[in-house]
Amino acid sequence: ATNVHRSASQRRNGGFGRGYVLRRYGVLRTRAAARVLVTETLVSAADALVSGDLQAARGRREGWRAGRGLPRHPAVPGDAVDASITLRDSLRLRRGVYFAPQGPR
C-alpha cells in the first residue's frame, strides 16, 4: 500500500508521525508554535486539495492523540534545527513533494 508515490497510507503514516512528534516534544508550547501551526495547516489543506481526501490530516490527529499522556521528550537540541530555513523556504520544499517525478510502478 505504500509502494505508490504519495499513497493514502503513506500520507496518513507521515501525518501520524508529525502529529506524534509535535506532541511528544511539546513543539506547540515553544516559540515555534505559530510557525508550526501555519505550516501544518497549509500542508494539510494542500494535501487535501491535491489528493482529494483528508488522510494526512487524520494521521496528524491520530498521532497527536497517540502521544497524549506520554512523558514529553526533552527539547530538540538547537543545533539539530536549521534556523536558516525560512517559512517560505520550508513551504517551497514541501511543494516539491507534490510535484516530484513519479518513479517506476
Side-chain angles (χ1 to χ4, degrees):
T2 59
N3 193 25
V4 178
H5 178 70
R6 292 188 26 76
S7 70
S9 60
Q10 277 181 338
R11 292 180 288 105
R12 191 174 195 132
N13 288 338
F16 181 96
R18 292 187 67 79
Y20 186 80
V21 166
L22 290 175
R23 186 144 206 185
R24 289 297 305 270
Y25 282 92
V27 175
L28 297 183
R29 295 176 186 249
T30 66
R31 293 184 335 201
R35 177 179 170 161
V36 169
L37 286 173
V38 168
T39 302
E40 295 301 318
T41 301
L42 289 173
V43 168
S44 294
D47 185 79
L49 289 172
V50 170
S51 303
D53 62 35
L54 297 172
Q55 293 302 313
R58 286 183 183 132
R60 281 170 172 78
R61 184 185 68 217
E62 291 168 5
W64 180 260
R65 288 179 177 170
R68 183 184 324 155
L70 298 174
R72 186 165 296 133
H73 287 302
V76 176
D79 60 346
V81 177
D82 186 351
S84 69
I85 297 176
T86 65
L87 175 61
R88 186 177 187 173
D89 292 336
S90 67
L91 294 175
R92 188 177 301 126
L93 289 167
R94 289 184 157 281
R95 191 178 111 203
V97 171
Y98 295 111
F99 304 106
Q102 302 261 342
R105 293 184 178 200

By side-chain contact (heavy atoms from CB on, under 4.5 Å), which residues pair with [X], not counting sequence neighbours?
X: Ala34; answer: none
X: Arg68; answer: Arg23, Arg65
X: Thr41; answer: none

- Query: Does atom CZ of Arg29 have more than 12 heavy-atom neighbours, drawn from other residues, nucleotides or ligands, at distances under 6.0 Å?
  - Reply: no

May I ask you to list the residues sharing a hydrophobic cluster with [X], side-chain cutoff 4.5 Å, ordered by chain and number?
X: Leu49; answer: none
X: Leu54; answer: none
X: Leu70; answer: Phe16, Tyr20

- ring-ring contact (aromatic ring centres under 6.0 Å, His included): which pairs involve residues 24-78, sequence neighbours left out? Tyr25-His73

- Task: Determine, using the 4.5 Å side-chain heavy-atom cutoff (strictly less than), whether Val43 and Ile85 are members of one ILVMFWY cluster.
- Result: no

- Could you grab the distance from atom CG of Leu87 to atom OG1 of Thr39, nearest 0.5 Å is fine? 4.5 Å

- The side chain to side chain donor-acceptor pair (under 3.5 Å) partners of Arg12 (sequence neighbours excluded) come to Gln55, Glu62

- Message: Checking Arg11 now: which residues fulfil salt bridge (Lys or Arg N to Asp or Glu O under 4.0 Å) with it, not counting sequence neighbours?
- Response: Asp47, Asp53

- Message: Under the rule for salt bridge (Lys or Arg N to Asp or Glu O under 4.0 Å), what residues qualify as partners of Arg18, not counting sequence neighbours?
- Response: Glu40

- Query: Under the side-chain hydrogen bond (donor to acceptor under 3.5 Å, both in side chains) rule, what pairs show up with a residue in residues 80-90, not counting sequence neighbours?
  - Reply: Asp82-Ser84, Thr86-Asp89, Asp89-Arg92

- Message: I need the minimum non-hydrogen distance between Leu42 and Leu91, along with the two atoms involved.
- Response: CD1-CD1, 3.8 Å

- If you look only at pairs with a residue in residues 69-79, which of them pass as a salt bridge (charged side-chain N to carboxylate O under 4.0 Å, His left out), with sequence neighbours excluded? none

